[in-house]
Amino acid sequence: MEFERPGIIRPPSEHASYFLPLTSGCSNNTCTFCGYYGSKLKIREVDDVKAEIDAMALYLERGVQIPTMPSIVYAVLRSWDGRRVFLQDGDALVYPFDRLRRVLEYLSEKFPNLERIGSYGTPQDILRSSLDGLRTLGELKLGIVYMGVESGDDRVLQKVGKGVNHEQLVEAGRKAKKAGIMLSVTVILGLGGTDGSDEHALETARVLTEIDPEYAGALTLTLVPGTPLHEEWRRGDFSLITPFDSLRELKTIVENSDFTDCFFSSMHASNYYSVRGRLPLEKARVVGELEDILARRDPELLRPELFRGL
Ligand code: SF4
């Protein structure tokens, strides 16, 4: 079956990257809150990926476009600075190791000045990879893996179908770091609903502390129509926390986490309020900012619902 190029879903920090699809969908398509729920994983042929890399090089060296290449290739290349590549899609780290190695080698061969390759990876992808395999990928410029942690609370993880528990999240995160690959993780405010809010925030702080990633980002739960969690909410079986309660969760996470040196942010468009800072260095300032917002409880200070994004 012909590989269908996925739409671009990427971490904010990859805005200047070239987006190279290796897969479409996600191999762990069971998370009840996620737009990839139920998606069918498709794996692209290596030769097809290499043909796209050839087309990239041809365009950058000689300005020649290949008519059969999708226009998005050239649209992205026009503003690409040649430094970073982001491998699509939901978890490109599931791409079979040998093929992934060949793609990374080919990228470096064609673009020797490439600085970093990034990819989403599920904890399952990391756990099933060998440490040596991950190290090899790191040596081939896979410099950062973005892993969804979502929550540190086992009850929440199980309820939303994450497919791993707290302990496995920690094992996966530490393994990527041990392999020399930078780790950026995301957690989701509100994923425990109103009933599980406190436990979700505290356990999330604990899992983040234990993983100790270089980057951590908080998102706020946004229900996606068509997903099981949206359906639960519609039936009245799941209650969304309020915007101010999402900031209370955020404060609990920042306050209770203990990092070596982590850039923490809630800059994602799904959040009602953005904070950022190096932790633990700027912990007092970040917590103070959140305490201030929580004390004032002024809705004007929050991102309007209309401007929130996924
Ligand atoms: S593993 Fe990540 S991308 Fe895949 S369904 Fe779960 S949250 Fe979505």
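Just follow the structure's listing: the first ligand is 1, and inside any ligand the first atom is 1. The analysis underlying the following values was restricted to heavy atoms, covering all of them including side chains, and did not include hydrogens, waters or symmetry mates.
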Checklist line | Residue portion contacting ligand 1 (non-hydrogen atoms closer than 4.0 Å) for Tyr120 | finding: neither
Item checked: Worked check of salt bridge (Lys or Arg N to Asp or Glu O under 4.0 Å) between Arg155 and Asp153 -> CA-CA 5 Å; Arg155 276 169 301 186; Asp153 184 345; 3.8 Å; yes
Notebook entry, point to check: Which of the atoms of ligand 1 are close to Thr122, meaning less than 4.0 Å from one of its heavy atoms?
Noted result: 1 (S)
Item checked: Atoms in ligand 1 with a heavy atom of Glu150 nearer than 4.0 Å -> 7 (S)
Next item on the list: Starting from atom 4 (Fe) of ligand 1, find the nearest protein heavy-atom neighbour and note its residue, name and distance.
Entry: Cys26 SG, 2.2 Å
Note to self: The test is salt bridge (Lys or Arg N to Asp or Glu O under 4.0 Å); show your working for Glu232 and Arg235 and say whether it passes.
What the structure shows: CA-CA 5 Å; Glu232 266 182 62; Arg235 286 197 313 261; 5.2 Å; no
Notebook entry, point to check: How far is atom 2 (Fe) of ligand 1 from its nearest protein heavy atom, and which residue and atom is that?
Noted result: Lys162 NZ, 4.1 Å
Notebook entry, point to check: From Cys31, does some N, O or S atom reach closer than 2.8 Å to atom 6 (Fe) of ligand 1?
Noted result: yes
Check: Phe33 heavy atoms, cut-off 4.0 Å: which ligand 1 atoms fall inside?
Finding: 7 (S)
Margin query: One residue to check: Asn28. Relative to ligand 1, which of side chain, backbone, both or neither has a non-hydrogen atom less than 4.0 Å away?
Written below: both
Check: Taking the inter-plane angle between the rings of Phe259 and Phe264 on a 0 to 90° scale, is it parallel (under 30°), tilted (30 to 60°) or perpendicular (over 60°)?
Finding: tilted
Item checked: Protein residue, atom and distance nearest to atom 8 (Fe) of ligand 1, heavy-atom basis -> Cys34 SG, 2.4 Å
Note to self: Testing the 3.5 Å rule here: is there a donor-acceptor pair between the side chains of Asp54 and Tyr106?
What the structure shows: yes
Note to self: Please evaluate residues Ser17 and Val85 with respect to the criterion side chain to side chain contact (heavy atoms under 4.5 Å, CB included), reporting the C-alpha separation (whole Å), side-chain torsions for both, the decisive distance (0.1 Å), and the verdict.
What the structure shows: CA-CA 5 Å; Ser17 299; Val85 167; 5.8 Å; no
Check: Side chains of Thr260 and Asp212: do they bring a donor and an acceptor to under 3.5 Å?
Finding: yes
Next item on the list: Decide whether Asp89 and Tyr36 meet the rule of one side-chain donor and one side-chain acceptor closer than 3.5 Å.
Entry: yes
